[in-house]
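Lettering follows sequence order; numbering is per chain, from 1. Bear in mind that the values here come from a model prediction, so they are computed numbers and not experimental data.
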There are 2 protein chains.
Amino acid sequence: MTSPTPAEPASRRLARALREDIAHGDLAPGDKLPSERTLAETHGVARNTAREAVRILADEGLVTAEHGRGVFVRPKPPLMRFGQRRYARTLRESTGKSPFRAEVEAQGRIPRVDCTSITRITPIPEVAERLDINPETETVVRRENWYYADDEPIQVGVTYSPWSIVEGTPIADSAQMGKGSLYARFEEKGHPITTIREEISSRMPTPDEVAGLRIPDGVPVIDLTHTGYDDQDRPFEVTTFVMRADRSALDYRMPVED
Amino acid sequence: MTSPTPAEPASRRLARALREDIAHGDLAPGDKLPSERTLAETHGVARNTAREAVRILADEGLVTAEHGRGVFVRPKPPLMRFGQRRYARTLRESTGKSPFRAEVEAQGRIPRVDCTSITRITPIPEVAERLDINPETETVVRRENWYYADDEPIQVGVTYSPWSIVEGTPIADSAQMGKGSLYARFEEKGHPITTIREEISSRMPTPDEVAGLRIPDGVPVIDLTHTGYDDQDRPFEVTTFVMRADRSALDYRMPVED
DNA sequence: TAGTGGTCTAGACCACCAT
DNA sequence: TGGTGGTCTAGACCACTAT
């Protein structure tokens with residue numbers, strides 16, 4: 001007695017129609033959608049139903065609502081791509097600037113990196129494990145960095161390194177790292193970065209991250225835990241990054257081990 | 001005259017309360033939330049408002065609604081981790097099975113890989129560019145694979161390789177790759193996989209992906225474009241993966257080039 | 001059959017933005 | 001000021017799950 005495929009709800013039908021308009025370019029990136037009230041009237045539904053359709057698209061990351069202005073097709077700006085070159089000594093020495101700055105400038109945007117806090121703490125288990133230290137007897141220095149392009153926050157990085165290594169260096173207490181930045185200082189202390197491990201996952205942002213990184217609805221974050229090893233294969237720093245996934249991508253090239 | 005911080009909306013307040021219950025373990029993974037109607041009554045709001053609160057949590061990936069059953073705190077199963085070892089010859093030769101199978105079995109789950117289509121096509125520009133071929137004169141073989149753990153779809157992979165390389169091999173026309181799988185066949189044709197490039201991004205799934213991979217609300221996908229290079233640094237295959245981000249992670253270890 | 005989530009209506013008021 | 005999205009209400013019916 002029941003029909004095999006129940007009728008598609010009005011909100012999804014409307015969402016599908018708008019999605020196709022976007023896919024076909026009838027609604028181009030940056031374009032403003034009709035207002036919720038207009039959509040409701042022209043499609044013969046209640047405003048809440050039109051609103052639900054818009055929300056479906058927002059959850060897919062296709063549109064962004066701006067309070068008081070309207071709903072807009074989200075433009076797809078080029079992604080900033082980060083790979084292992086960000087740790088190469090040649091890059092450090094030739095430009096003297098960090099790979100984040102290089103990548104952002106390559107896109108014609110203005111980079112900024114703020115070190116917002118430097119503290120000495122007892123490491124959490126995930127960090128202690130990767131640094132191969134005893135969390136009950138050893139402390140680490142925690143440096144929190146915020147990365148911006150044109151004042152738009154792109155990623156947050158938190159670097160942990162053993163106190164025994166960074167004691168007395170700018171890493172332990174200065175926001176200014178000097179020429180060649182962080183990894184030049186590690187190298188001076190006998191820890192040239194030689195191998196890296198990158199653990200990558202993705203998820204929806206927490207409310208704090210939404211606020212801090214100003215992340216629109218429907219945009220996930222990339223969660224990256226980076227571990228640096230020196231020429232004797234000793235881990236000496238762990239950095240966790242949280243990146244806006246609509247602004248960031250990762251790009252690695254590596255040998256296949258046998 | 002206006003208060004500096006407008007009152008928090010009731011739906012967000014309720015969402016925050018529930019979020020804290022989850023964080024504190026009062027609501028453990030797998031637990032059922034009170035019904036929307038119960039939440040509405042106990043918090044003195046309309047059902048739609050309680051529903052909105054639940055939706056906020058679903059969009060964050062914290063809970064999953066099951067029609068007719070209730071809303072449940074989403075358990076966090078261990079992630080399946082994939083790295084460059086998945087391409088190592090030693091792994092191929094010692095186990096004879098693909099790294100996906102090995103990883104899934106390591107978690108006590110039953111792997112399955114279905115090759116759902118093999119076609120010969122004109123490559124799209126992104127693929128042609130990575131394979132360094134002329135899309136107007138060369139064709140590629142497209143193999144689509146679906147990967148399951150305990151019959152739960154985890155990822156989709158689409159492999160493209162030049163017809164000139166795979167012509168006459170099982171890669172071009174057989175769902176069965178034989179011992180050592182795909183990369184053993186490439187090696188036999190003079191293309192041992194030596195270097196890989198991995199381009200990683202993340203986004204919300206399309207409606208097709210939601211349906212195909214049975215992805216719950218609030219779960220992004222990891223989008224991975226993999227390129228394989230042989231011992232003469234010639235690219236010979238490109239594979240694009242779409243993975244459920246709540247089931248998959250990537251884990252690479254690589255040297256830093258100077 | 002009872003209880004759950006899924007969808008929808010018609011209306012209201014608020015907060016934000018541009019003019 | 002008028003138009004926009006953001007939130008909320010009180011009610012309704014449908015579809016799914018379990019008993």
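- In summary, A:Glu60 and B:Arg203 do not engage in a salt bridge, as defined by a charged side-chain N under 4.0 Å from a carboxylate O.
- At the heavy-atom level, A:Glu52 lies nowhere under 4.0 Å from the strands shown.
- Nucleic acid contact class of A:Arg55 (heavy atoms, under 4.0 Å, all strands): none.
- With distances taken from any side-chain atom of A:Arg51 to the nucleotides D:dT7, D:dA10, D:dT4, the minimum falls on D:dT7.
- Heavy atoms of B:Val71 sit under 4.0 angstrom from primed sugar atoms or phosphate atoms, though from no base atom.
- The side chain of B:Asn48 lies closest to C:dT7 when the candidates are C:dT7, D:dT4, C:dG6.
- B:Arg69 contributes no side-chain N or O that forms a donor-acceptor pair with the base of C:dG5 under 3.5 Å.
- Residues A:Gln155 and A:Val242 have side chains not in contact (no heavy-atom distance under 4.5 Å, counting atoms from C-beta outward).
- Below 30°, between 30° and 60°, or above 60°: for B:Tyr252 and A:Tyr252 the angle between ring planes is between 30° and 60°, a tilted geometry.
- A donor-acceptor contact under 3.5 Å is not formed by the side chain of A:Arg37 with the base of D:dG3.
- In this structure, A:Glu20 pairs ionically with A:Arg16, as a charged nitrogen and a carboxylate oxygen lie closer than 4.0 Å.
- Distances shorter than 4.0 Å separate none of the side-chain N or O atoms of A:Thr49 from OP1 or OP2 on C:dT7.
- Annotation: of the two residues near DNA chain C, A:Gly44 and B:Glu66, the 5′-most nearest-nucleotide partner is B:Glu66.
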